[in-house]
Each structure stands twice: as C-alpha cells, then as structure tokens.
Undergrad: 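Below are the structure tokens for one structure; questions will follow.
Numbers restart at 1 for each chain; the letters A, B, ... are given by sequence-line order, proteins then strands.
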Number of protein chains: 2
Amino acid sequence: MARPATIADVAARAGVSPATVSRVMNGTRAVDQEMTERVRAAAAALDYSPSPLARSLVLGRTNTVAVVVPDLGNPTFHGVLRGLSHAAARNGYHVLVADSAESVTAELALAQQTRRRCDGLVLVAPRMPETDLAQLLRTLQPMVVVNREPVGEHASPVVTADYRLGLTELLELLYADGHRSLAYLAGAPQSASNTRRLAALEEFGATHPDLAVEIRPCGVNFVDGHDAAGPLVRSGVTGVLAFNDLVAMGLVSALGEAGVAVPAAMSVVGFDDIPFARYVTPPLTTAAVPVTELGELAWQGMWDLLSGGPPRRTVVLSPQVVRRGSTGPAARSRPETADGP
Amino acid sequence: MARPATIADVAARAGVSPATVSRVMNGTRAVDQEMTERVRAAAAALDYSPSPLARSLVLGRTNTVAVVVPDLGNPTFHGVLRGLSHAAARNGYHVLVADSAESVTAELALAQQTRRRCDGLVLVAPRMPETDLAQLLRTLQPMVVVNREPVGEHASPVVTADYRLGLTELLELLYADGHRSLAYLAGAPQSASNTRRLAALEEFGATHPDLAVEIRPCGVNFVDGHDAAGPLVRSGVTGVLAFNDLVAMGLVSALGEAGVAVPAAMSVVGFDDIPFARYVTPPLTTAAVPVTELGELAWQGMWDLLSGGPPRRTVVLSPQVVRRGSTGPAARSRPETADGP
DNA sequence: TTGTAAGCGTTATCAG
DNA sequence: CTGATAACGCTTACAA
C-alpha cells in the first residue's frame, strides 16, 4: 500500500549516496565493507528492491520477451509457450504473452505493440501474410519465428517442425498398410504448415502413381472433423489424413456414431500428438510434434540474439510418427458396404 | 535496427517542443490545428511511437498485469489464462505470465518479482502456504486470488469455483444411482480445492449414514489414476470420484485394461470437464469448472481495483455437473467377481 | 573508494 | 495554446 522505497530512501537511511546503493545492489564495483553492510541493512529495513522499470529505461533492457500466438486455447501453442517460458526463466527472463485471437488483421499491430515493451519477440503466426511478416522481420529485431519459414532474407532464427516430412511418413505408413485411396482433410489454406503438408502430398503422389489422394477443405477443430465424416464415407477412401489430432478425433467420433469401424473399415491419422491423442478410443496414430522443445529452442535462438551471439540458424525438428490403434490394413471392401448384405 | 525515434526527434523535425508532441500523441490538450498536422507528419515520417517504458515510469502505470500459475501445462490454468488474457486485452492491458513449475518454494519470490513489473497480480497458487499467501496479500496489492479463499482479512477479490458444491452434486448423482460404497481419489493434500472436496465428503457422509466413502491418496495426473486401479478393484467399491478428469481418465483406461467395464461394473466421475473429457470412451461424467469465465472474472476484479473502483467482492462460480457415459446404476455384484462364475 | 550530476524518454506543472 | 522545467527511479561517467 505504502509507496515502495526508492534508492534515495535507502541512501538517506544508510547515510550514503544513491550511487553507492546502486553499486552495492548490483555488485558493480567494490564498496567499503562497512558501508556495504549499512546499505544492506537499510535496504532490508525498507524492504527495498530496485524498480525494474527505471532500470529498464536506463539500461535499455527489460529482461522480458514477447510471445505472440494465434490462440492460447490450442494445445500446440500452449506447449510452445510452456517450453519457452521455462527456458526463459532459467536465464532470468520474463514472458509477455499476447493472444491474437486468430485475428490475422490485428496480429501485425499486436506484434508491434507488444514488442515495444520487451527486448525481443517470438512470433507464432502461421497465417500472417508474407508481406506483413517481412515487415516485422525488418523492424522488430531481435525476433524469432516459430513454425513457418519466411521467404527472403532476414536476420531471424527460425524454429519449426518439418510438417512435410511428418506427413510423408504418415503417407508411407498408410501406403505400407495397403491403402491406395486416401483423403486429406486440409486446414487453413493460408497456413504455413498446411502448405508444407500439401507439398508432401504432391511429392508422394508423384512417386506413387497407384495412390489416389483427394484433398478436402476441412478445418482445424474437432467439429470440423466430425462434420467431414459423411462425405468421406461416401467417397469410398480407406484412409484419412486429418490436418491435426483434433480433426482426427472429431472424425473418429463421427465414424463411430455412423457405425464405421476404425481402423477395420477406415484408418485415420492425426498430426501433432496432443496430450490426449493416446487416450482416445482407438488411440490415435499421429506424427508427434515436439512442441515443448520447439519453445525451448525458440528461447535458445532468442537468447543467442540477445547475447549478441553467433549467426542465425534455422532449426527444423522432425515429427515422430507414432503408430497407435487408429490405423490398420486397408479395408477390402469400401466402407459404405458395411451395412450391405 | 536503428535506434527508435524519440519524442525529441519528432519535436525537432516538427519544429515544436516535446511537450506539444506529447499532447498531440495523447490528445491530452487542444493543440493548434496546423501544429498538430506537422507533428503527425513528423511522427509518421520517423515511425515514432512513444516508449511504453518511459511512459510507465512517469505515469506510474505499466498497463500490464502479472499472472502466476503453478503449471502452464495444466488445462485448468491454461483456460484461466486464456480468459484473462482476452479480457485484459479488451481494456488495453498486457499479460506477463509466470509459471512456478509447481515449485511451492519458489512461488513466493516469483510472485514478488513478477509483480514489480506490473500494475497488479493475479495469483493462482492452490498449494501456497497460507502464511506466504497472507504476506503477498499484504504487500502486493492490487491483487486477485483465483481458486482458493485466503483465511483472514484482506483487500483482494477472490474468484473461485465451488469445489465443495461440485463434489456434493457428484455424490448425489452417484447416490441416486444406487451407489453406497465409493472411493475418493485425493489430489495434493495441501491444495485448496482438495480441502473443499474433503469437506463435501464429510458433510455428505454425515447426512447419508448408509453411504461409505473411503479416501485414498492418489495424485493429479493420468498415471496416478492409472496406478490407482488395482487396489480400487480389490476394494469392492462400485463408484469412484477422481480428483480431476485426468485422474479419472487414467483410471478408466486402467480399468479397461483390467477388464472391468465402465460403467457396468464400476462408475467413475472426474472433475473440471477439460476439453477432452467428452471425447474419451466412455465420455466422462464430471463437474464442469468454467475456467475461461474464471479468468474473465479475475480480470474483472483486477480492473475494478485498477480503476480505483468498488469494494472487494468474492465471486464463486458453481461447477456444472454433466452426466455422460462413465456413470450408471451401481453394479449388483462387486467388481472382483466379474471374472467369477 | 565515494559522491555529484547527467541522462534514459516521457508527462505534468506552471509560466508566458 | 505553447514551451521550459522538473520529476519518475535508476545507472554511470566523471570528478574528488
């Protein structure tokens, strides 16, 4: 309630100059033993601690980084935030978090605003237009980009998972199980990771002419997957690659309601390996994205920058395919014949 | 990269005093039309925006609140953070998030540190010792406490869910289904919400002499629930109240592996209604804690305080019992006889 | 070793 | 309506 003690208060009580107090608090320079103790005592008595604000202003350093994510509700960003927050704390840094609430238009301004209160910015913005991103990259350094690779030259470390590789390995898994007719449930078209997945699809298709993969616009949430079930069953595919685990779980759930057995009649794979993927029924086959590690590496990149460290580098983490119960050998007959004679 | 423009730069370019620039930027006072435009032009040309740091120092206000949570990985705190972050943003406030990584010892220092960079503190610390909490309440105002009710006098709004009521209603649900022999899987003994649940147990037991509830130390995670299955089956109870959904899901999973049918042989209820509770098999009967709303209300309380507003108040949200597939009528025979003749 | 004073970038007071 | 000037609380030359 009472106004916090200032350096002047401590100085007065200890009978020394503010400069001396500062030197004692920071161990900047040697200070006479007896004076040091007087200052310590005074500081303790007044419950003094230096104002981070004032320090930041004069030092030009806040010991805080901004993290901008599209949606705090998404387990992926959530994991990144956690990894980052822990790693930053280990270096004495604080985290200012901003949630753009999926609003692509507000994201630019939000990033700029947030950045000004901090020493750096970690940006997770899978759907931000490339030109906006380029602008931020030019003006908001030091900056680290997570989960997308900006085009063109820039000075920022990039930390991302290899979505293309992940999807390729899922395709291989399904292909090896005999699936030759698949569907891909696409996420947001502009999203970076969706683009990478599509690239994987194209490449894999080119080298496997006997495989048919139809691409269906879908979404990123449970309900999107749920709603996709009907058309999918009618389409006669034997396996589905969902954009992410949420979509996959929605789909599996809807298939269950429709009496389509997973994986007997239809195989389903997700992406991300969110914490609950292993607990649904059947447990989800998916490509695990190491989100916590992503966050830790993002901090690592930021820390390098802040310490005026080594040249930028790009870190690409490989998703780990984990085979669980939602996939199996391709069904002999088409799913819609399940209720046939 | 270049040093950001300062108010002095803008003033020089526009041929006015810094004070005038400040007035234009803040609309604090009427400024001559022509001057205003000159300032605007200069500011735009130099890409100037006022330093939040300097403003904070002179205004004594950072437009930032600190949120301390025990674990960003927990869906509950996660939801609170999301609700809070959105609500704060609507009032132009930023959120500094600190994760104490479950370390009860570090929590006190963390809260103090974090608080100093902000205008207020939202504390989610279910296991912090009461004396520490009291100290923070005394020294770190304005402050809002989430999900526990501090003892004694204090000036802080409290926002919490009624864990006692929630568990009582779950008990009623099971009792109405004929269960007379139950087990409660306890969470962290020191935790505030665990204490409230125990109170519910005691009260309900007093008014229902024909009901037996055994209390078993357990934990708060999936594995804890999983590990609890064995002893539980042998104990012969017909229903289990898990500390939370995670524990319940672990238990259900282990019961499935052990061939104990849920809910036919054993009913299980969770607590919280985390996003995936409805998607597991069988879907979990649980008491839904409105976490997002908790976060929003926490901000509301903080905002009141920051605006020098009305007297403190305590908000208690009622969990909503949602009946799903993991509960049913009490089994006639004891579970361990499931494999009997 | 210690103190004095300037300055970090802004806003608010107070004359003009 | 505008411009000096003094804070805000701290660190850091520079001087003693």
Undergrad: Reckon B:L57 touches a base, only the sugar-phosphate, or nothing at all at heavy-atom distances under 4.0 Å?
TA: base
Undergrad: To the nearest Å, give me how far apart CG (B:D9) and P (C:dG9) are.
TA: 9 Å
Undergrad: Tell me: CZ of B:R116 to P of D:dG9, nearest whole Å?
TA: 10 Å
Undergrad: Counting heavy atoms from C-beta on, name the nucleotide in D:dT2, C:dT2, D:dC10 closest to the side chain of B:D32.
TA: D:dT2
Undergrad: Which nucleotide in the set D:dG3, C:dA12, D:dG9 lies at the smallest distance from any side-chain heavy atom of A:S51?
TA: D:dG9
Undergrad: I'd like to know if the side chain of A:T160 pairs up with that of A:R148 as donor and acceptor (distance under 3.5 Å, no hydrogens or angles considered).
TA: no
Undergrad: Identify whether any heavy atom of B:L53 sits under 4.0 Å from a base atom; if not, whether one sits that close to sugar-phosphate; answer base, sugar-phosphate or nothing.
TA: nothing
Undergrad: Identify which nucleotide among D:dC8, C:dT2, D:dT11 has an atom closest to any side-chain atom of A:V31, counting heavy atoms from C-beta outward.
TA: C:dT2
Undergrad: How many whole angstroms separate atom CG of A:L59 from atom P of C:dG7?
TA: 17 Å
Undergrad: So which heavy atom on B:S17 is nearest to which on B:A11, and how close?
TA: C-CB, 3.8 Å
Undergrad: In terms of side-chain heavy atoms of A:T6, which of D:dA7, D:dG9, C:dT2 is nearest?
TA: D:dG9
Undergrad: When you compare the side chains of A:E296 and A:Q300, does any donor N or O come within less than 3.5 Å of an acceptor on the partner?
TA: no
Undergrad: Classify the side-chain pair B:N63/B:H94 by whether it contains a donor and acceptor separated by less than 3.5 Å.
TA: no
Undergrad: Check the distance between C:dT10's P and B:N63's CG and give it to me in whole angstrom.
TA: 15 Å
Undergrad: Of the residues in residues 14-29 of chain B, which ones touch DNA chain C at a heavy-atom distance under 4.0 Å?
TA: B:A19, B:S22, B:R23, B:N26, B:R29
Undergrad: If only side-chain N and O atoms of A:R55 are considered, is one of them under 4.0 Å from the OP1 or OP2 phosphate oxygen of D:dC10?
TA: no
Undergrad: Can you measure A:R3 atom CZ to D:dC8 atom P for me and round it to whole angstrom units?
TA: 8 Å
Undergrad: Picking from D:dC1, C:dG3, C:dT10, which would you name as closest to the side chain of A:M35?
TA: C:dG3
Undergrad: Is it the case that B:N194 and B:R127 place a side-chain donor and acceptor less than 3.5 Å from each other?
TA: no
Undergrad: Step by step, would you call A:T62 with A:D119 a side chain to side chain donor-acceptor pair (under 3.5 Å)?
TA: CA-CA 6 Å; A:T62 62; A:D119 298 343; 2.8 Å; yes
Undergrad: Does B:W299 reach the side chain of B:V65, with side-chain heavy atoms less than 4.5 Å apart?
TA: yes
Undergrad: How many whole angstroms separate atom CD1 of A:I7 from atom C1' of D:dT12?
TA: 11 Å
